[in-house]
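Encoded as structure tokens, the structure appears first; notes follow it.
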Protein chains: 2
Amino acid sequence: MNGPARIRVMVVDDHPLLREGIAAVLARQTDIELVAEAADGLEAIEQFRQHRPDVTLMDLQMPRMNGIDAIAAIRRDHPAARMVVLTTYKGDAQALRAIKAGATGYLLKSTLRKEMVETIRSVHAGRRHVPAEIACEIAEHVADDALSLREIDVLGRVAVGNTNREVARQLGISEETVKAHLKNLFAKLSAKDRTHAVMLALKRGILQI
Amino acid sequence: MNGPARIRVMVVDDHPLLREGIAAVLARQTDIELVAEAADGLEAIEQFRQHRPDVTLMDLQMPRMNGIDAIAAIRRDHPAARMVVLTTYKGDAQALRAIKAGATGYLLKSTLRKEMVETIRSVHAGRRHVPAEIACEIAEHVADDALSLREIDVLGRVAVGNTNREVARQLGISEETVKAHLKNLFAKLSAKDRTHAVMLALKRGILQI
DNA sequence: GCTGCGCTCCCCCATCCGGGGGAGTCGCTG
DNA sequence: CAGCGACTCCCCCGGATGGGGGAGCGCAGC
């Protein structure tokens with residue numbers, strides 16, 4: 001049966017065992033072909049150039065270059081590339097950022113085999129595929145605005161135990177400004193204090209551990 | 001070739017794709033046989049009873065019942081059971097707790113196929129198998145003592161934005177006592193303040209997000 | 001029986017934090 | 001150009017935080 005061309009897929013993840021699992025599932029599909037694998041964002045860009053897969057499954061948390069940057073880089077050169085985000089958590093900041101970067105689908109690693117191949121077919125057919133679970137998480141938080149880069153920077157320094165004064169010195173700004181940034185981001189995150197703010201930022205994927 | 005009995009393996013993980021990957025790798029080994037799968041701790045206990053695998057690969061973070069509790073429960077009834085921890089992070093508190101619960105091996109999910117099968121054979125042969133990477137992490141922190149249950153409880157409440165007074169009221173103790181617990185755990189974690197302490201506890205697997 | 005440690009409580013006090021207010025510059029966008 | 005938001009700085013001030021000290025009780029191990 002040499003019918004319609006098969007969907008050419010690349011999988012990008014730093015866990016070899018997970019790649020192996022995806023390969024095993026895809027091998028059982030007659031209409032899907034795994035043409036490339038990569039363990040991080042840089043490899044992904046290189047492999048994409050060589051193999052031009054129809055659909056790319058991309059993890060977000062990876063060494064060297066993360067998935068968001070890799071998606072953005074690939075989409076810049078190949079706007080037609082179909083990218084499906086593959087991640088463990090359902091952090092909304094991550095999801096939103098990935099979709100902004102050009103992802104057309106979103107898959108949790110805890111999903112079943114069937115859902116994965118359906119997503120690949122769906123995305124290849126040109127449809128967006130974001131599960132209701134994720135869509136809700138995103139909708140829940142697009143209302144309250146995102147943190148600015150400066151606010152994220154300040155919060156990141158607070159997270160590692162710096163006082164307002166230390167953050168101010170590190171950034172070359174006044175302590176009052178640091179306090180202003182914190183006041184603003186507390187309101188955005190609905191945080192009760194700096195510790196709570198760090199926890200919420202971690203939950204939403206704004207900060208990483 | 002119906003030679004020596006094959007090593008009977010069970011894999012416990014809430015990610016079906018990862019289980020699939022492990023199954024694919026094990027299928028290529030002539031001396032290893034995958035006899036059972038489970039998606040959480042409770043299923044693991046049930047499946048163990050039914051199939052009595054020689055070696056169990058167990059994830060730590062799972063819904064319903066986590067891996068530590070499952071390992072402890074299985075080892076209580078079957079002290080000879082060989083348990084290998086399979087996890088994403090190398091948090092030392094997790095590693096140490098797992099080994100205390102009776103794990104005989106420790107595997108990072110980012111390890112290669114080869115290392116996994118070698119670990120299975122090694123553990124089945126009665127050897128302990130903890131990679132140097134993990135052993136170092138553990139050794140680095142066994143010197144400074146672990147947090148007490150009360151301290152972990154206090155820190156967990158601080159992490160979600162409670163003030164010392166609120167924590168005191170929740171626990172029915174004095175605010176001074178809460179401050180004492182915090183002072184002690186700051187010293188144990190080498191934390192600069194409560195926010196830093198929460199971050200360090202998350203890194204070490206003492207707290208979960 | 002003594003020691004160590006977890007847990008509890010108390011004191012003092014310098015410092016930090018966070019909420020309230022206002023205000024200026026810059027750059028983007030409608 | 002007017003408005004908005006990010007970023008910057010300033011004021012005041014009550015309350016929270018954290019570092020220092022000491023102390024009692026109960027339980028487990030040596």
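Per chain, numbering begins at 1; letters A, B, ... match sequence-line order.
Looking only at distances, a side-chain donor or acceptor of B/Glu166 sits under 3.5 Å from a matching main-chain atom of B/Thr163. Not one N or O on the side chain of B/Lys109 forms a donor-acceptor pair closer than 3.5 Å with the backbone of B/Leu86. The backbone N or O of A/Glu176 sits less than 3.5 Å from a side-chain atom of A/Ser174, completing a donor-acceptor pair. Remark: the backbone N or O of A/Asp14 is not paired with any side-chain donor or acceptor of A/Arg19 at under 3.5 angstrom.
If one axis is set at each end of the helix from C/dG1-D/dC30 to C/dG30-D/dC1 from five pairs, those axes are 50° apart, to 10°.
In this structure, a donor-acceptor pair under 3.5 Å is absent between the side chains of A/Asn162 and A/Arg169.
For the pair A/Leu185 CG and C/dG19 P, the computed distance is 10 Å after rounding to whole Å. Atom pair A/Asn184:CG and D/dG5:C1' shows a separation of 10 Å (rounding to whole Å applied). Nucleotide D/dA16 holds its C1' atom 13 Å from the CG atom of B/Asp193, rounded to whole Å. Note: NZ (B/Lys192) to P (C/dC16) measures 12 Å, nearest angstrom. The distance between atom NE2 of A/His181 and atom P of D/dG5, rounded to the nearest whole Å, is 16 Å. Rounded to an integer number of Å, the gap from A/Glu176 CD to C/dG19 C1' is 12 Å. Protein atom CG of A/Leu147 is 10 Å distant from nucleotide atom P of D/dA6, rounded to whole Å.
Residue A/Lys179 has no polar side-chain atom (N or O) positioned under 4.0 Å from OP1 or OP2 of D/dC12. An OP1 or OP2 oxygen of D/dC7 is reached within less than 4.0 angstrom by no side-chain nitrogen or oxygen of A/Thr177.
Taking the ring-ring contact (aromatic ring centres under 6.0 Å, His included) definition, one finds that B/Phe48 meets it with B/His78, sequence neighbours left out.
Between A/Leu57 and the options A/Leu34, A/Val12, A/Ile120, a side chain to side chain contact (heavy atoms under 4.5 Å, CB included) holds for only A/Ile120.
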Walk me through whether A/Tyr106 and A/Thr119 qualify under side-chain contact (heavy atoms from CB on, under 4.5 Å).
CA-CA 8 Å; A/Tyr106 207 96; A/Thr119 300; over 6 Å; no
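Minimum interatomic distance between B/Met10 and B/Glu37 (heavy atoms only, all atoms of both residues): CG-N, 4.5 Å.
Counting distance only, with no hydrogens placed and no angle test, the side-chain atoms of A/Lys183 and the base atoms of C/dG20 include a donor-acceptor pair under 3.5 Å.
Of the residues in residues 150-175 of chain B, those lying under 4.0 Å from DNA chain C by heavy-atom distance are B/Arg150, B/Ile173, B/Ser174.
Nearest to the side-chain atoms of B/Ala180 among the listed nucleotides C/dT8, D/dA6, C/dG18 stands C/dT8.
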